[in-house]
Structures are given as C-alpha cells and as structure tokens.
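The chain is numbered in sequence order, starting from 1. Computed from a prediction, not measured in an experiment: that's the story for all the values here.
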Amino acid sequence: MTTRAGVPENTLMTFLDDWLALAIGNSRLHWGRFRGDRLESVLDTPHLTVPLSLDNLPEIVPDLLTKNASRVLPLRIASVVPRQTELCAGYPGARVITLAEIPLEDLYPTLGIDRALAVLGAGERYGFPCLVIDAGTALTFTGVDAGRRLMGGAILPGLGLQFRSLGERTANLPYLELPGELPPLWARNTREAIESGIIHTLRAGMERFIEDWWKRYPDSSIVLSGGDADRLERYWRAGEGRAIGKLRLDRTLIFQGILSVSVPFFKRDPIPPIQI
Ligand SMILES: Nc1ncnc2c1ncn2[C@@H]1O[C@H](COP(=O)(O)OP(=O)(O)O)[C@@H](O)[C@H]1O
Ligand SMILES: CC(C)(COP(=O)(O)O)[C@@H](O)C(=O)NCCC(=O)O
Ligand SMILES: [K+]
C-alpha cells in the first residue's frame with residue numbers, strides 16, 4: 001500500500017517516529033501526537049475551513065509539533081464528517097481509516113468509525129467485553145462482547161445538542177450551557193427545569209442501558225468518553241451513583257483505537273493480555 005505521496009506506507013512509521021492521529025467529530029477535530037506507540041499530547045481544534053497542507057498544519061496545531069518536525073508527519077484520520085475528510089485529503093501523509101481495518105466482528109456498514117475505534121480502544125485497554133458511552137455531539141452507546149463482536153448500541157442527541165435545540169427551536173427557552181453540577185430533579189424555575197429534564201432523563205436512560213449491559217456481562221468495563229464525559233461522570237456520581245466504581249472516564253479511547261489499527265506498522269510489543 002502506498003500513500004498519496006507514493007511512499008510505501010510501512011516505511012513512514014517506525015518505532016520511534018512521530019505521527020499524528022486525527023479524530024474528526026461533528027463539533028471539532030481531536031488531534032493526538034504519538035511518538036511510536038506513546039500518545040504524547042492531545043489538542044482539540046475547530047473544524048477546518050481551508051484544505052489541510054504542509055504549510056498550514058503548524059498553524060493549526062502549533063502545540064503538537066516540535067520545531068524541527070520539518071518532514072511530513074504521517075497523519076491517520078478517523079472521520080465521521082465527509083466534508084472535513086475532504087479538506088484533509090491533500091495533506092501528503094494523510095491516510096483515512098476505514099471500518100474494514102477494524103478487528104471487530106459483526107460491524108454494520110454504516111457504523112461510525114469513531115464508535116468502532118473507541119470501543120476497540122476500550123477493549124484493548126480495559127478488556128472485552130466492554131461498553132463505551134461517548135458523550136460527543138451525538139451521545140452513543142457501543143457494546144462489544146468477549147468474542148470482539150459488536151453486540152449493539154444506540155444513538156441520541158448529545159448533551160450540548162439537547163440544550164441547543166431547546167434554545168434554538170422555542171420562543172421562550174434560553175440557550176443554556178451545561179451546568180457544572182447535577183441539578184435538582186424537581187425544578188421551580190426555567191433554567192433548572194431545562195437542566196433537570198435533560199440531565200435526569202439522560203441519567204435514567206444511561207441506567208437502563210448500563211443495568212442491562214451488566215446483567216449480560218457482569219464484569220464488563222464501561223467507559224465514558226467524549227467532550228462531555230467529565231461532566232456526565234460528575235452528574236452520574238452525584239446521583240444514587242450505583243456501582244460507580246466500575247464506570248471509567250477515558251477521553252483518549254479513540255487514540256488507543258487508532259494506535260491499535262496502526263500496530264502492524266510498528267515494531268511494538270504485543271498489547272497486554274486481554275482480561276475477560
Ligand atoms: N470548545 C468546544 N467546542 C465544542 N464542544 C465543546 C467545547 N468544549 C467542550 N465541549 C463539549 O463537548 C461536546 C462535544 O463533544 P466532542 O467529543 O468534542 O464532539 P465531537 O467528537 O462529536 O466533535 C459538546 O456537547 C460540548 O458541551
Ligand atoms: C453517531 C455519530 C454521529 C457520532 O458522532 P460524534 O458525536 O462523535 O461527532 C457518528 O458515529 C456517526 O455518524 N455514526 C454513523 C451511524 C452509526 O454509527 O450507526
Ligand atoms: K465521538
């Protein structure tokens with residue numbers, strides 16, 4: 001396989017090389033800089049407005065690049081936003097990850113690559129079976145069993161989107177930011193009523209999925225990821241907080257997933273044994 005620049009791909013990444021991972025979500029870009037198999041730094045940036053090039057990469061991710069990084073850094077892209085993928089395609093080291101490369105069974109053809117990589121990353125890091133709850137633009141549940149088969153999942157509007165849609169599509173409701181703390185269940189003003197409705201309903205929904213998942217896979221890890229994961233974890237913990245010890249927070253799952261599908265390109269030690 002060769003890159004766009006015609007360089008054989010597996011000569012691009014060696015064990016100690018720097019390379020970039022880019023996860024393109026519906027709200028923004030998530031960048032990770034690796035040195036070999038080590039994730040050294042991460043950065044979120046707005047969507048691209050112009051094509052990505054060798055010239056503008058240093059301006060887009062100044063904090064990720066070392067000063068002497070003059071050569072073309074390999075860039076492995078996982079995107080759920082086709083227009084943004086197109087804007088990256090002209091970058092010489094770019095390569096887009098597809099579902100065909102994901103070593104999980106029973107994936108359906110339209111599954112988001114971000115979901116596949118995050119749950120792969122979660123399984124590699126915490127063991128299969130595992131359930132990922134990704135609180136991004138959309139909020140997704142993605143579960144994989146001990147045989148690395150996709151069990152199933154669900155998609156709903158993310159927290160930010162739920163707040164925004166009420167603010168934008170109603171005459172009297174304000175657009176609110178996500179609150180820092182879990183609001184009271186029974187509100188007596190508009191702000192808290194919106195916060196309560198969205199957050200307590202989401203918590204109840206999460207409980208439904210989590211309880212069912214643990215019934216099927218009692219020892220499974222459940223991992224929260226995405227831009228709203230920290231807040232979601234805080235809301236979850238502030239409630240009755242059932243079995244909270246087993247909910248992990250890890251916002252780098254997708255980078256672990258991208259690393260895992262890049263493994264053949266590294267001379268790296270095998271990933272630690274999988275705990276089931
Ligand atoms: N600078 C920011 N831009 C966009 N969303 C942000 C930002 N900071 C925090 N967030 C939160 O992150 C959520 C989006 O999650 P994220 O994982 O970044 O989205 P995606 O991967 O779908 O682009 C939003 O609901 C918002 O509350
Ligand atoms: C569900 C998603 C929109 C989530 O995107 P995100 O919130 O990470 O930007 C994305 O994974 C997607 O476009 N999925 C395709 C449909 C599916 O996964 O079934
Ligand atoms: K995501």
Side-chain angles (χ1 to χ4, degrees), residues 20-34 39-45 76-81 84 97 99 102-104 107 111-145 148 150-162 178 198-199 202-203 205-210 213-214 217 220-237 241 243-262 271 274-275:
L20 296 174
L22 170 59
I24 303 181
N26 283 285
S27 295
R28 48 187 173 155
L29 310 185
H30 311 282
W31 301 83
R33 187 172 62 80
F34 281 89
L39 179 64
E40 293 201 324
S41 46
V42 296
L43 180 67
D44 295 328
T45 68
R76 299 182 71 86
I77 301 167
S79 176
V80 292
V81 186
Q84 290 290 305
I97 300 167
L99 270 190
I102 310 290
L104 296 174
L107 303 183
L111 179 75
I113 190 77
D114 58 335
R115 301 177 60 195
L117 284 165
V119 79
L120 173 68
E124 299 275 3
R125 194 171 273 167
Y126 304 111
F128 293 99
C130 67
L131 173 66
V132 170
I133 303 175
D134 188 339
T137 313
L139 194 145
T140 58
F141 296 84
T142 311
V144 166
D145 71 12
R148 296 177 177 238
L150 177 70
M151 199 283 252
I155 302 173
L156 64 146
L159 275 168
L161 196 52
Q162 292 188 44
L178 271 63
I198 291 174
I199 292 165
L202 175 59
R203 282 187 87 262
M206 282 172 62
E207 268 180 30
R208 169 85 176 92
F209 281 93
I210 289 171
W213 185 261
W214 272 333
Y217 310 106
S220 167
S221 6
I222 298 185
V223 193
L224 287 177
S225 191
D228 293 326
D230 306 53
R231 247 170 301 196
L232 194 56
E233 199 229 8
R234 205 166 331 136
Y235 303 151
W236 180 260
R237 212 171 6 179
I244 186 65
K246 287 196 196 168
L247 279 200
R248 296 172 191 274
L249 181 64
D250 185 339
R251 293 194 45 197
T252 66
L253 289 183
I254 192 156
F255 294 122
Q256 172 66 41
I258 292 175
L259 172 66
S260 298
V261 298
S262 305
I271 295 162
I274 293 153
Q275 317 132 26

Kindly compute the distance separating [atom1] ([X]) from [atom2] ([Y]), expressed to the nearest 0.5 Å.
{"X": "Leu161", "Y": "Ser27", "atom1": "CG", "atom2": "OG", "value": "8.0 Å"}
{"X": "Arg115", "Y": "Leu99", "atom1": "CZ", "atom2": "CG", "value": "10.5 Å"}
{"X": "Ser260", "Y": "Phe255", "atom1": "OG", "atom2": "CZ", "value": "13.0 Å"}
{"X": "Leu20", "Y": "Leu22", "atom1": "CG", "atom2": "CG", "value": "8.5 Å"}
{"X": "Gln162", "Y": "Leu139", "atom1": "CD", "atom2": "CG", "value": "8.0 Å"}

Are side-chain heavy atoms of [X] and [Y] found at a separation under 4.5 Å?
{"X": "Leu178", "Y": "Ile198", "result": "no"}
{"X": "Met206", "Y": "Ile133", "result": "yes"}
{"X": "Glu207", "Y": "Trp236", "result": "yes"}
{"X": "Asp134", "Y": "Leu253", "result": "no"}
{"X": "Gln84", "Y": "Leu29", "result": "yes"}
{"X": "Thr142", "Y": "Leu150", "result": "yes"}
{"X": "His30", "Y": "Asp114", "result": "no"}
{"X": "Arg125", "Y": "Thr252", "result": "yes"}

Closest heavy-atom contact between [X] and [Y]?
{"X": "Ser221", "Y": "Arg248", "value": "CB-NE, 3.9 Å"}
{"X": "Leu117", "Y": "Ala78", "value": "CD1-CB, 3.3 Å"}
{"X": "Phe128", "Y": "Leu120", "value": "CZ-O, 4.0 Å"}
{"X": "Ser262", "Y": "Ile258", "value": "OG-O, 2.7 Å"}
{"X": "Ile97", "Y": "Val261", "value": "CD1-CG2, 4.0 Å"}
{"X": "Asp228", "Y": "Gly136", "value": "OD2-O, 4.3 Å"}

- Message: Run Ile102 and Leu111 through side-chain contact (heavy atoms from CB on, under 4.5 Å) and show every step you take.
- Response: CA-CA 11 Å; Ile102 310 290; Leu111 179 75; over 6 Å; no

- Trace of the side-chain contact (heavy atoms from CB on, under 4.5 Å) decision for Leu232 with Tyr235: CA-CA 5 Å; Leu232 194 56; Tyr235 303 151; 4.3 Å; yes

- Query: Should Leu259 and Leu39 be marked as a side-chain contact (heavy atoms from CB on, under 4.5 Å) after you check the CA-CA gap, both sets of side-chain angles, and the distance that decides it?
  - Reply: CA-CA 9 Å; Leu259 172 66; Leu39 179 64; over 6 Å; no

[Y] backbone acceptor or donor facing [X] side chain under 3.5 Å:
{"X": "Arg251", "Y": "Ala229", "value": "no"}
{"X": "Glu40", "Y": "Arg33", "value": "no"}
{"X": "Ser220", "Y": "Pro129", "value": "yes"}

- Task: Not counting sequence neighbours, which residues clear ring pair (Phe, Tyr, Trp, His ring centres under 6.0 Å) with Phe209? List them please.
- Result: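 Ring pair (Phe, Tyr, Trp, His ring centres under 6.0 Å) list for Phe209, sorted by chain: Phe141.
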
- Task: Apply side-chain contact (heavy atoms from CB on, under 4.5 Å) to the pair Leu202 and Leu156, showing each step before the final yes or no.
- Result: CA-CA 10 Å; Leu202 175 59; Leu156 64 146; 4.0 Å; yes

- Counting heavy atoms not belonging to Arg234, are there more than 12 under 6.0 Å from its CZ?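 Count over threshold, so yes.
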
- Query: Who are the side chain to side chain donor-acceptor pair (under 3.5 Å) partners of Ser225, not counting sequence neighbours?
  - Reply: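 For Ser225, no residue satisfies side chain to side chain donor-acceptor pair (under 3.5 Å) once neighbours in sequence are set aside.
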
